[in-house]
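Numbers restart at 1 for each chain; the letters A, B, ... are given by sequence-line order, proteins then strands.
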There are 2 protein chains.
Amino acid sequence: MEPGGNVATQLRRGVLEHCVLAVLARSPEYAFELVRRLSAFDGLVTSEGTIYPLLSRLSRDGLVATTWQPSEAGPPRKYYDLTVAGRRALDAFAVEWTTFTDGVDDLLQQAGNGRSRGARGGRREH
Amino acid sequence: MEPGGNVATQLRRGVLEHCVLAVLARSPEYAFELVRRLSAFDGLVTSEGTIYPLLSRLSRDGLVATTWQPSEAGPPRKYYDLTVAGRRALDAFAVEWTTFTDGVDDLLQQAGNGRSRGARGGRREH
DNA sequence: GCCAGGTACCTTGTGACGCATGGAACCGGG
DNA sequence: CCCGGTTCCATGCGTCACAAGGTACCTGGC
């Protein structure tokens with residue numbers, strides 16, 4: 001997978017970060033398990049090389065807190081947990097995400113490629 | 001707006017390009033008008049500095065064709081029209097887009113931030 | 001005739017982020 | 001004692017949206 005080459009990679013931009021927050025909102029996880037959890041969702045298959053820098057940023061920005069815990073087999077695990085600020089960031093993203101995808105959906109539908117997401121009627125073209 | 005700084009900018013990555021294709025699928029447009037059309041949609045407000053390199057890429061890749069046309073007032077306009085390959089690219093993107101956003105929606109919903117998009121039930125977690 | 005302002009085109013440099021690659025440390029089994 | 005799985009982390013690269021800046025055309029006021 002060449003870096004930045006395909007469409008799916010671009011789609012992950014900015015989204016992956018908040019998907020991590022979404023996973024952590026359910027329960028704290030460590031990086032390796034996080035990759036597996038994300039892989040369960042279409043288009044969110046990623047690797048450690050992506051996750052670690054991402055988690056570093058989240059930690060630096062105070063959106064997640066970390067605690068070390070011993071593992072039964074292997075080196076100790078660094079668990080990441082959502083902070084209050086992280087929860088707020090996730091909430092804020094959810095709003096932006098909904099607005100954004102609604103806009104794109106409307107546009108695609110006008111072009112004849114849209115899904116019918118039920119009549120939410122949020123066209124908003126002036 | 002500092003470059004690459006906020007979330008909305010990241011969301012546009014890879015999407016904006018195909019939104020341009022979607023607009024052109026309705027009718028050929030020139031760059032200036034294109035920016036205005038996109039601005040009608042939430043989260044797709046952009047500028048010429050973004051559109052021109054983008055259109056150059058689309059043209060280089062054969063997804064759009066260009067024709068010059070005189071304007072009643074001002075310099076001549078370069079109209080961009082969708083090619084067959086462009087139409088195919090748009091179709092392919094629409095599929096990826098739907099799959100991807102469905103996945104993210106499910107994830108956000110599990111975290112308590114999701115919209116209810118009606119029961120399409122596409123969880124797909126294994 | 002000339003200059004201000006709107007229209008329309010394009011280029012260059014910057015920054016962010018996802019990814020490939022690769023390395024280090026810890027553990028259990030053969 | 002080495003080998004493979006687990007888990008952590010750092011470095012370098014490529015792509016893309018954006019800001020800033022530049023050129024050319026046309027109209028209207030003075």
Side-chain angles (χ1 to χ4, degrees), chain A residues 1-21 28-39 43-61 66-80 93 100 104, chain B residues 1-21 28-39 43-61 66-80 93 100 104:
Chain A
M1 210 197 291
E2 68 272 16
N6 60 35
V7 179
T9 296
Q10 297 303 321
L11 286 182
R12 281 188 268 274
R13 290 248 167 189
V15 180
L16 192 56
E17 175 178 330
H18 295 91
C19 285
V20 167
L21 293 180
E29 285 300 347
Y30 61 103
F32 235 70
E33 179 63 24
L34 209 45
V35 172
R36 279 194 286 262
R37 282 234 198 283
L38 289 172
S39 297
L44 291 178
V45 180
T46 184
S47 69
E48 308 169 50
T50 301
I51 285 295
Y52 280 105
L54 195 158
L55 287 170
S56 290
R57 279 200 312 270
L58 293 179
S59 187
R60 165 172 55 78
D61 298 345
T66 65
T67 46
W68 284 98
Q69 286 205 304
S71 163
E72 309 111 15
R77 295 167 175 170
K78 198 178 190 178
Y79 276 83
Y80 296 84
F93 172 77
F100 179 72
V104 176
Chain B
M1 210 196 292
E2 67 271 15
N6 60 35
V7 179
T9 296
Q10 296 303 321
L11 286 182
R12 281 187 269 274
R13 288 247 166 189
V15 180
L16 193 55
E17 176 177 330
H18 296 90
C19 285
V20 167
L21 293 180
E29 286 299 347
Y30 60 102
F32 235 69
E33 180 63 23
L34 208 46
V35 171
R36 280 194 286 262
R37 282 232 197 286
L38 289 172
S39 296
L44 292 179
V45 181
T46 186
S47 69
E48 307 170 49
T50 302
I51 286 294
Y52 281 106
L54 194 158
L55 287 171
S56 289
R57 278 200 312 269
L58 293 179
S59 187
R60 165 171 55 80
D61 297 345
T66 65
T67 46
W68 285 96
Q69 285 205 305
S71 163
E72 309 110 14
R77 296 165 175 171
K78 198 178 190 179
Y79 277 83
Y80 295 84
F93 172 76
F100 179 73
V104 176

query = Nearest to the side chain of A:Leu16, which nucleotide is it out of C:dC19, D:dC18, C:dA8?
reply = C:dC19
request  = Check the distance between D:dT15's C1' and B:Leu58's CG and give it to me in whole angstrom.
outcome  = 14 Å
inquiry  = What's the closest nucleotide to the side chain of A:Tyr52 if the choices are D:dT7, D:dA24, C:dG18?
reply    = D:dT7
ask   = Does OP1 or OP2 of D:dT7 have a side-chain N or O of A:Tyr30 closer than 4.0 Å?
value = yes
note = Of the candidates C:dC9, D:dC9, D:dC25, the side chain of B:Trp68 sits closest to C:dC9
ask   = How long is the gap from CZ on A:Arg37 to CD on A:Glu29, to the nearest 0.5 Å?
value = 4.5 Å
note = A:Arg77 CZ to D:dT6 P, in whole Å, measures 10 Å
ask   = Base, sugar-phosphate, or nothing: which does A:Ser56 touch, judged by heavy atoms less than 4.0 Å apart?
value = nothing
request  = Could you check B:Trp68, B:Tyr80, B:Tyr79 and say which one makes a ring-ring contact (aromatic ring centres under 6.0 Å, His included) with B:Tyr30?
outcome  = B:Tyr79
A:Leu16 CG to B:Gln10 CD distance, which is reported to the nearest 0.5 Å = 11.5 Å
Would you tabulate the side-chain donor-acceptor contacts of residues 45-56 of chain B under 3.5 Å, counting partners in other chains and residues two or more places apart, or write 'none'?
| unit_1 | atom_1 | unit_2 | atom_2 | d |
| --- | --- | --- | --- | --- |
| B:Thr46 | OG1 | B:Thr50 | OG1 | 3.4 |
| B:Ser56 | OG | B:Tyr52 | O | 3.2 |

request  = Provide, to the nearest angstrom, the distance between the CD atom belonging to B:Gln69 and the C1' atom belonging to C:dT7.
outcome  = 16 Å
note = Between CD of B:Glu48 and P of D:dA17 the distance, given in whole Å, is 16 Å
ask   = Atom CD of B:Glu72 to atom P of D:dC25: distance rounded to whole Å?
value = 18 Å
task = Measure the distance from CZ on A:Arg12 to C1' on D:dC16 and round it to the nearest whole Å.
result = 15 Å
message = What's the closest nucleotide to the side chain of A:Phe32 if the choices are C:dC19, C:dT7, D:dT7?
response = D:dT7
request  = Mind calculating the distance between CG (A:Leu34) and P (D:dC9) to the nearest angstrom?
outcome  = 13 Å
note = Walking DNA chain D from its 5' end, the first of B:Ser71 and A:Thr50 to be reached, judged by nearest nucleotide, is A:Thr50
message = Given D:dT7, D:dC18, C:dA16, identify the nucleotide with an atom nearest to the side chain of A:Arg13.
response = C:dA16
Nearest-nucleotide pick for B:Ser47, side chain only, options being D:dA17, C:dC9, D:dA19 = D:dA19
ask   = Where each residue is assigned the nucleotide of DNA chain C containing its nearest heavy atom, which of A:Gly74 and A:Gly49 is assigned the position nearer the 5′ end?
value = A:Gly49
ask   = Would you say C:dA8 has OP1 or OP2 under 4.0 Å from some side-chain N or O of B:Arg36?
value = yes
key: Nucleotide of D:dC9, C:dA8, D:dT15 approaching A:Lys78 most closely (side-chain heavy atoms)   = D:dC9
note = Rounded to whole Å, CG of A:Leu55 lies from C1' of D:dC9 at a distance of 11 Å
ask   = Measuring from A:Arg77:CZ to A:Glu33:CD, what's the distance to the nearest 0.5 Å?
value = 8.0 Å
